[in-house]
**Student:** 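Structure below; questions to follow.
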Amino acid sequence: MNNAELIVQILKRAGVTHGFGIPSGNVLPLMDAMRKHDLPFVLTAHEGSAGFAADVMGRMTGAPGLGIATLGPGATNLATGVGDAWLDRSPMIAITCNLNTDQLGRRIQMYIDHQQLFAPITKASLVLREGTVAETVAEAVRLSLTEPMGPVHLDLPEDVAVAMATETLLDLTPPVPVKAADDSEIQTALEILAAAKRPVAILGTNAMRMRDIDLLRRFVERHGIPFASTTMTKGLIDEDHPLSVGCIERAKRQIQREFLRGADLIIGLGYDTIEVEYEAWIGDTPLLQIDIEKVDIAPSVQLKAEVTGDLDTSFATLTDADSIANDWQESDVAAHQVAFQAALRPEVANFAPHHVIDVVRDVLPDDGILTYDVGAHTHQIASQWTAHAPRQCHITNGWSSMGFGLPAAIAAKIARPDLPVVCLIGDGCFQMTCGELATAKRAGLTLPVVVLDDRWLGLIRVKQERRQLSIYGTELQAEEYREPPEHYFGVPAVGVRDGEALRIALEAALQATGPTVIEAVVDSAHYSETVFD
C-alpha cells in the first residue's frame with residue numbers, strides 16, 4: 001500500500017463517500033488509489049464547483065466532503081469552494097496534489113505556496129510527509145469535524161503519494177466535543193423567557209449541525225414561541241408549522257423587521273452573524289443568545305444573556321423545563337404569514353420569477369431537495385419557498401458566491417439518490433457553471449435545472465437603480481429570445497414561457513434518466529419592489 005492508498009483508507013473510515021475534482025499528472029496517484037479502494041472520483045468541469053460540491057456533501061452526510069485539485073491554478077480555483085465551506089462552516093478535506101518534495105519552494109512551473117493560499121480560509125493547512133501521513137490525515141478529519149466545523153487543507157507532494165506506506169491505519173480520534181453550558185446560564189435563560197410576553201426565536205446556521213435537530217421544534221412548541229429562519233436554516237422546523245414566521249432579511253424584509261421589532265425578546269437559536277448581523281434588523285429588542293460560541297454583536301445590541309455550550313444539551317434542558325406562557329396568539333402568526341406571502345407575489349402581467357417558484361414548489365414532492373444560487377432570485381426563493389425538513393434547501397449565505405447552485409445539486413443528488421432534486425438558478429449563475437451539466441450527465445443524475453432567464457444580472461441592476469447609477473455592465477443578452485437549442489452538452493433543453501408549460505416540462509424532467517435544462521423566460525421587473533423593501 002502506498003501513501004495515497006493509506007490516505008484513501010483513512011478518509012473512507014471517516015465516512016467520506018466521494019471526491020470531486022479535476023486531475024493532473026500530480027493527481028493521478030491519488031485518483032488511482034481512489035479507484036482501487038472504491039472511493040469514487042467525480043470529474044467536475046471546474047475546481048470551484050468541486051469545492052462547492054464537497055461543501056454540500058459534507059452538509060448532507062455529516063462526514064467531511066472531499067475536494068481535489070492540482071497545484072497552482074487548480075489550487076486557486078478550488079479555493080473558491082473551500083472559502084465557501086469556511087464561512088458556511090461545512091466539514092471538508094481539500095487536497096492539493098503538488099510537486100515532488102525536493103522541488104517545493106523553487107521557481108517551477110505552476111508552483112505557489114499552498115499553505116499561504118489556504119491558511120486564511122481553512123481551520124488548518126497541513127503538509128503530508130513520509131512517516132506522518134496517517135496521523136496528519138487523521139488530525140485533519142478531527143479538526144474538520146470539531147465545532148465550529150470547516151475545511152482543512154492537505155498538501156500532497158507526488159513523491160509522498162507514490163512512496164510505500166510505512167504506517168498502519170489509525171483509529172480515528174473523535175472530534176473535540178463542545179462543553180455543556182453552565183446550569184446557571186440555563187436558569188438565567190428560563191427566567192428571561194418567563195418574563196417575556198412576546199418572544200420570537202430565530203433559527204441560525206450553527207443549529208444546522210445539531211445531532212438531534214428536532215429539539216428545536218420541541219423547544220418552540222413547549223413554550224409556544226413563534227420562530228423565523230435565516231436563509232440557510234429553512235426547514236430545520238417545517239415552515240408549514242403554525243408558529244413559523246418565515247425567512248428573515250430577504251425579499252420584503254421590512255415586513256419581517258416590523259414583526260420582529262414588535263417582539264420584546266429575540267432568542268438566537270444557534271444564530272451565526274455570518275448570515276446577517278443582528279444590528280441590521282434587531283433594533284431595540286433585547287437578545288437572548290443560545291449558541292456554541294459567544295455572540296458577535298455591535299455595542300448597539302441589547303444582550304440580556306448568553307447560553308454558550310453544546311446546543312443539543314442546552315435545548316434538551318430548556319425543553320424539559322416547565323412550559324412558559326406568553327401573549328402570542330396563533331392567529332397573530334397566521335395573519336402575518338398571509339400578509340408576508342401575499343406581498344411576495346405582486347400582480348404582474350407577465351410570467352415572473354415568483355410564478356416559477358410556486359410551480360416548482362407545487363411539483364417537487366414535500367421530501368424533495370432544492371438548491372439555488374446567489375442573485376436577486378435568492379431573495380425571492382428564500383422568502384417564498386416552503387421547506388419541510390432539514391437539508392432540503394441548499395444555498396450559500398456566509399460566502400454568497402455565484403456558481404453554487406448546480407454543483408450543490410449534483411452533490412445533493414449523489415448523497416441522496418432516493419430523493420428528487422431540483423436546481424433553480426439565475427441565468428448569470430447558469431453561465432458560470434453550465435459545464436457542470438456534463439458532470440451530471442456522466443453521473444446519470446435525474447436533475448432538472450430550471451434557469452430563470454431575464455437577460456440581466458438582476459440583483460446588481462436593482463442596486464444600480466437604487467443608487468441612481470447608470471444601468472451598465474449587467475446585461476447578459478441584448479437580442480430577443482429564441483428557442484433554446486435542443487441540447488446543452490448532450491443534455492436536453494426546453495424553453496417555457498408560462499406556468500403550465502413549466503409544470504409539464506418539470507414533471508417530465510423528474511422522470512428522466514439524466515439532467516434536463518428548463519429555460520424559464522421571465523420578467524423580473526418586480527425585483528425592484530421585493531428584493532430590498
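Residues take their numbers from the sequence shown, with the count starting at 1.
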**Student:** Of the non-hydrogen atoms in L447 and C423, which two are nearest, and what is the gap between them?
**Tutor:** CD1-N, 4.4 Å

**Student:** Has K234 got a side-chain atom pairing as donor or acceptor with A382's backbone, closer than 3.5 angstrom?
**Tutor:** yes

**Student:** Looking at every non-hydrogen atom in both residues, tell me the closest pair between A54 and F20 and how far apart they are.
**Tutor:** N-CD1, 4.1 Å

**Student:** Quick one about Q256 and H336 (side-chain donor to acceptor, distance below 3.5 Å, no hydrogens or angles considered), yes or no?
**Tutor:** yes

**Student:** Indicate the atoms forming the closest heavy-atom contact of S383 with R250, along with that distance.
**Tutor:** OG-CB, 3.3 Å

**Student:** How long is the straight-line distance from OG1 of T285 back to CZ of R257, given to the nearest 0.5 Å?
**Tutor:** 12.5 Å

**Student:** Any idea which heavy atoms bring L143 and K123 closest together, and the distance?
**Tutor:** O-NZ, 2.7 Å

**Student:** When you check the gap from the basic side-chain N to the acidic O, do D312 and R211 get nearer than 4.0 Å?
**Tutor:** yes

**Student:** Closer than 3.5 angstrom, by distance alone: can the side chain of D453 be matched with the main-chain N or O of E519 as a donor-acceptor pair?
**Tutor:** no

**Student:** What verdict does the side-chain contact (heavy atoms from CB on, under 4.5 Å) test give for V338 and Q341, after you've listed the backbone C-alpha separation in whole Å, the side-chain angles of each residue and the deciding distance to 0.1 Å?
**Tutor:** CA-CA 5 Å; V338 169; Q341 291 297 321; over 6 Å; no

**Student:** Nearest 0.5 Å, what's the CG-CG distance between L265 and N326?
**Tutor:** 10.5 Å

**Student:** Are any of the side-chain heavy atoms of T396 and M232 separated by less than 4.5 Å?
**Tutor:** no

**Student:** Check whether any side-chain heavy atom of Q337 lies under 4.5 Å from a side-chain heavy atom of S244, and answer yes or no.
**Tutor:** yes

**Student:** If you measure from the Lys or Arg side-chain nitrogens to the Asp or Glu carboxylate oxygens, is any gap between D310 and K179 under 4.0 Å?
**Tutor:** no

**Student:** Is E306 reaching over with its side chain to a backbone N or O of D291, donor-acceptor style, under 3.5 angstrom?
**Tutor:** no

**Student:** For T231, does its backbone N or O pair with a side-chain atom of N397 as donor and acceptor, under 3.5 Å?
**Tutor:** no

**Student:** SG/C393 to CG/L424 distance, rounded to the nearest 0.5 angstrom?
**Tutor:** 9.5 Å

**Student:** Can a side-chain donor-acceptor contact be found between E436 and T433 if the only test is distance below 3.5 angstrom?
**Tutor:** no

**Student:** Any salt bridge between R361 and D358, counting N to O under 4.0 Å?
**Tutor:** no

**Student:** Between R222 and D320, is the salt bridge (charged side-chain N to carboxylate O under 4.0 Å, His left out) condition met? List the steps.
**Tutor:** CA-CA 8 Å; R222 178 71 166 172; D320 287 342; over 6 Å; no

**Student:** Nearest 0.5 Å, please: how far is NZ in K413 from OG1 in T371?
**Tutor:** 12.0 Å

**Student:** Using modelled atom types only, decide if a donor and an acceptor are shared between the side chain of T146 and the backbone of P175 within a distance under 3.5 Å.
**Tutor:** no

**Student:** Could you tell me whether R89 and E147 have a side-chain N and a carboxylate O separated by less than 4.0 Å?
**Tutor:** no

**Student:** I'd like to check W86 versus M92 (side-chain heavy atoms, cut-off strictly below 4.5 Å). Are they in contact?
**Tutor:** no

**Student:** Among side-chain atoms of T230 and T233, is any donor-acceptor pair under 3.5 angstrom?
**Tutor:** yes

**Student:** Quick check: do L215 and M210 have side-chain heavy atoms less than 4.5 Å from each other?
**Tutor:** yes

**Student:** What's the verdict on side-chain contact (heavy atoms from CB on, under 4.5 Å) for V348 and H354, showing C-alpha distance, side-chain angles and the deciding distance?
**Tutor:** CA-CA 10 Å; V348 292; H354 62 82; 3.9 Å; yes

**Student:** Which residues pass the ring pair (Phe, Tyr, Trp, His ring centres under 6.0 Å) test with Y372, sequence neighbours left out?
**Tutor:** none

**Student:** Determine whether a donor-acceptor pair (N or O, by modelled atom type, separation under 3.5 Å) exists between the side chain of D454 and the backbone of V522.
**Tutor:** no

**Student:** For side-chain hydrogen bond (donor to acceptor under 3.5 Å, both in side chains), just list the numbers for S401 and D84, CA-CA rounded to whole Å, side-chain angles, deciding distance to a tenth of an Å, and then say yes or no.
**Tutor:** CA-CA 8 Å; S401 174; D84 182 67; over 6 Å; no

**Student:** May I ask you to check whether over 12 heavy atoms, not counting those of E279, lie within 6.0 Å of atom CD?
**Tutor:** yes

**Student:** Take R209 and I292, measure what side-chain contact (heavy atoms from CB on, under 4.5 Å) needs, and give me the verdict at the end.
**Tutor:** CA-CA 11 Å; R209 302 184 302 279; I292 60 173; 4.0 Å; yes

**Student:** Heavy atoms only: give me the nearest C429-V374 pair and the separation to one decimal.
**Tutor:** SG-O, 3.4 Å

**Student:** Looking at D284, I'd like to know if its CG atom is crowded, meaning that more than 12 non-hydrogen atoms belonging to other residues, nucleotides or ligands lie closer than 6.0 Å.
**Tutor:** no

**Student:** Can you tell me if CD on E507 sees more than 12 non-hydrogen neighbours from other groups inside 6.0 Å?
**Tutor:** yes

**Student:** Going by an N to O cut-off under 4.0 Å, is there a salt bridge joining D88 and R59?
**Tutor:** yes

**Student:** Can you tell me how far the CD atom of E191 sits from the CD1 atom of I186, to the nearest 0.5 Å?
**Tutor:** 12.0 Å

**Student:** Would you check if V359 and L502 make a side-chain contact, meaning some heavy-atom pair closer than 4.5 Å?
**Tutor:** yes

**Student:** Does some side-chain heavy atom of V422 sit less than 4.5 Å from a side-chain heavy atom of V450?
**Tutor:** yes

**Student:** Side-chain contact, heavy-atom cut-off 4.5 Å: I518 with L506?
**Tutor:** yes

**Student:** Side chain of Q289, backbone of Y271: donor and acceptor closer than 3.5 Å?
**Tutor:** yes

**Student:** For residues S125 and H153, is any side-chain donor paired with an opposing acceptor at under 3.5 Å?
**Tutor:** yes

**Student:** In Å, rounded to the nearest 0.5 Å, how long is the span from CG of L260 to CD1 of I266?
**Tutor:** 5.0 Å

**Student:** Give me the one residue out of F340, F227, W328 that meets ring pair (Phe, Tyr, Trp, His ring centres under 6.0 Å) with F259.
**Tutor:** W328

**Student:** Regarding R497 and N350, do their side chains bring together a donor and an acceptor under 3.5 Å, going by distance alone?
**Tutor:** no

**Student:** Go through the steps for R218 and D212 under the test salt bridge (charged side-chain N to carboxylate O under 4.0 Å, His left out), then give the verdict.
**Tutor:** CA-CA 11 Å; R218 301 200 316 254; D212 183 5; 3.6 Å; yes

**Student:** Could you walk me through whether T308 and D182 pass the side-chain contact (heavy atoms from CB on, under 4.5 Å) check?
**Tutor:** CA-CA 8 Å; T308 306; D182 291 341; over 6 Å; no

**Student:** Any donor-acceptor pair under 3.5 Å linking the side chain of H223 with the backbone of I225?
**Tutor:** no

**Student:** Looking at residues at least two apart in the chain, or sitting in another chain, which of them share a ring pair (Phe, Tyr, Trp, His ring centres under 6.0 Å) with W281?
**Tutor:** Y278

**Student:** Kindly give the heavy-atom pair with the smallest separation between V307 and S314, and that separation in Å.
**Tutor:** CG1-OG, 3.7 Å

**Student:** Should I414 and M57 count as side-chain neighbours, where that means a heavy-atom distance under 4.5 Å?
**Tutor:** yes

**Student:** Working note: H241 + E221, criterion side-chain hydrogen bond (donor to acceptor under 3.5 Å, both in side chains); need CA distance, chi angles, decisive distance, verdict.
**Tutor:** CA-CA 10 Å; H241 196 288; E221 288 181 349; 2.7 Å; yes

**Student:** Using modelled atom types and a 3.5 Å cut-off, is there a donor and acceptor pairing between side-chain atoms of K304 and backbone atoms of A189?
**Tutor:** no

**Student:** Any sub-3.5 Å donor-acceptor pair from T378's side-chain atoms to G375's backbone N or O?
**Tutor:** yes

